[in-house]
Amino acid sequence: MEKLRVEGGKKLSGKVRVGGAKNAALPALVASLMTDEPLHLSNVPDVRDVATICRLLEHLGVGVERKPGGEIITNVDHLTSCEAPYDLVKTMRASFLVLGPLLARTGQARVSLPGGCAIGARPVDRHLSALARLGADLRVEHGYVVAEADRLRGAEILFDVPTVGGTENCLMAATFAEGTTVIHNAAREPEVEDLANLLISMGADIEGAGTDTIIIHGVDSLDGAEHSVIPDRIEAGTYVVAGALLGAPLEVTHCHPPHFEAVLDKVSEAGVELTVGESSIRVTAPESLQSTDMKTQPHPGFPTDMQAQYMVLMTQATGSSIIAETIFENRFMHVPELSRMGADISIDGHTAVVRGPSPLSGAKVMATDLRASASLVLAGLVASGPTIIDRLYHLDRGYEGLASKLSSAGADVERFSD
Ligand code: EPZ
């Protein structure tokens, strides 16, 4: 079992390079189902979730060629299955994104319900209601969604609450629907916009991606394309927080600052000096941090995927910070572990109150989900004494080479097997 050992207190300087966005790469790979021509994707991060979606695509009959340096070429001569099995979907919820494309491309799909995960129940009711509006015949049996449609028909879709995956599933299904589809209250995340840009480069007719209203005019087929995945705004934000804690200064490169303005604004508000460039951010840790309240919101608000990392920053800020998690119902599982390291955090429902500054001390801790594990690494970087982080497979789902990137910036981080 691999673990991470972090010896805290080391200043961070030099550069950390941000990779491609996991949450853009996954839907981009799924879009390969919608063409029988090669799809050339670049800047794809080498993380576990990408490996998982590639396994699922190969199960469906997609040829997946992974080249060094983050390039993946997919080929679909013919699909050999329309079924996404439970043992694959349960390991990664994003697998559910194959439902829309399979249905649109073949007229049928049998996709396992993803089930819940550590951060919440994460139902897919909005995905299903959108596909039903597009004319799909859906039923749930034995834990699977069975979907059929001779030809999907354009419709007006309204999401009562924005859903990233639901918008992406609907976007791909509507691409082949007859007529025009309008998605109201669509998710505005950059990863949704990146998927739309990929589909447009393949020949789709889509307007308004990145806004809350997306219009799709159905087409009959899509061509192949070449596409570079956008930088990972959450990975970038994680390193910005590392710099806010220990930057002397730390330069975060190959990122796209406009994609995570809410994070940069909040970190600046806490007193951190940021120099924002075209595709990089220089971060200098201040003498003292100012406690600053935060509330997670759908994009362009503060992303829930940065909540745990921001909480660590607030443990080192002077005063009390109120952190409200409005997206997921159980996304404070990093709190007990941070408390064991000396953080002063109290939880009341979906709100956490962080009092600081609290000197953190290294400890043996356990990762529970992807972003919680990133927060434990950040805590280890400022803690006195060693922090040993277990269950690294959570971290490996979404961070490529985190230990080596931090070490190259001066951190004392070592990955080892016990
Ligand atoms: C995407 O998940 C991301 N994953 C998540 O990142 C991210 O936290 C989330 O969007 C919110 O930004 C990928 O893109 C692969 P949602 P998704 O549908 O699409 C509820 C990470 O760490 N909901 O926008 O599953 C849902 O339970 C991951 O990289 C329904 O109730 O999120 C949640 O409370 C974690 N019914 C809220 O909406 C539905 O049908 C937002 O979920 C769909 C969602």
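Small disclaimer: the values here were computed from a predicted structure and weren't measured. Remember, it's 1-based here, ligands and their atoms both numbered in the order they're listed.
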Salt bridge Asp46-Lys22, side-chain N to carboxylate O under 4.0 Å: no
Looking only at protein heavy atoms, which one is nearest to [atom], and how far off is it?
atom: atom 6 (O) of ligand 1; answer: Asp305 OD2, 2.9 Å
atom: atom 38 (O) of ligand 1; answer: Arg126 NH1, 3.2 Å
atom: atom 27 (O) of ligand 1; answer: Arg122 CA, 3.3 Å
atom: atom 11 (C) of ligand 1; answer: Thr304 CG2, 3.9 Å
atom: atom 18 (O) of ligand 1; answer: Thr163 OG1, 2.7 Å

Where the closest heavy atom to [atom] is concerned, which of [options] has it?
atom: atom 3 (C) of ligand 1; options: Leu370, Asn23, Asp160; answer: Asn23
atom: atom 12 (O) of ligand 1; options: Val164, Ile53, Asp125; answer: Val164
atom: atom 9 (C) of ligand 1; options: Phe96, Phe328, Phe159; answer: Phe328
atom: atom 41 (C) of ligand 1; options: Thr296, Asn330, Ile327, Thr167; answer: Ile327
atom: atom 35 (C) of ligand 1; options: Arg371, Arg331, Arg397, Arg93; answer: Arg331

From CA spacing to verdict: ring-ring contact (aromatic ring centres under 6.0 Å, His included), His184, Phe159: CA-CA 6 Å; His184 299 283; Phe159 286 119; over 10 Å; no
Does any N/O atom on [X] come nearer than 3.5 Å to any N/O atom on ligand 1?
X: Lys22; value: yes
X: Glu329; value: no
X: Pro123; value: yes
X: Gly165; value: yes

Taking every non-hydrogen atom, the tightest pair across Pro162 and Ala187: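 So the minimum-distance heavy-atom pair works out to CB-CA, 4.2 Å.
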Part of His299 within contact of ligand 1 (heavy atoms, under 4.0 Å): neither
Glu191 touching ligand 1 at heavy-atom level, < 4.0 angstrom: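 No.
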Whether Val161 lies under 4.0 Å from ligand 1, heavy atom: no
Heavy-atom side-chain contact between Cys54 and Ile72 under 4.5 Å: yes
Name of the residue among Glu191, Glu261, His256, His259 meeting side chain to side chain donor-acceptor pair (under 3.5 Å) with Arg233: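 Filter result, single survivor: Glu191.
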Positive for side chain to side chain donor-acceptor pair (under 3.5 Å) with Glu325, one of His350, Gln307, Arg331: Gln307
From CA spacing to verdict: salt bridge (Lys or Arg N to Asp or Glu O under 4.0 Å), Asp369, Arg391: CA-CA 9 Å; Asp369 61 86; Arg391 301 194 177 183; over 6 Å; no
Full working for salt bridge (Lys or Arg N to Asp or Glu O under 4.0 Å) between Arg126 and Asp160: CA-CA 8 Å; Arg126 296 185 190 124; Asp160 55 343; 2.8 Å; yes
Donor on one side chain, acceptor on other, Glu148 and Gln108, under 3.5 Å: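 No donor-acceptor contact under 3.5 Å links the two side chains.
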Gln290 side-chain N/O to Glu269 backbone N/O, donor-acceptor pair under 3.5 Å: no
Ring-face cation contact, Tyr144 with Arg110, 6.0 Å cut, 45° max: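 Judged by the rule (NZ or CZ under 6.0 Å from the ring centre, within 45° of its axis), Arg110 counts as positioned above Tyr144.
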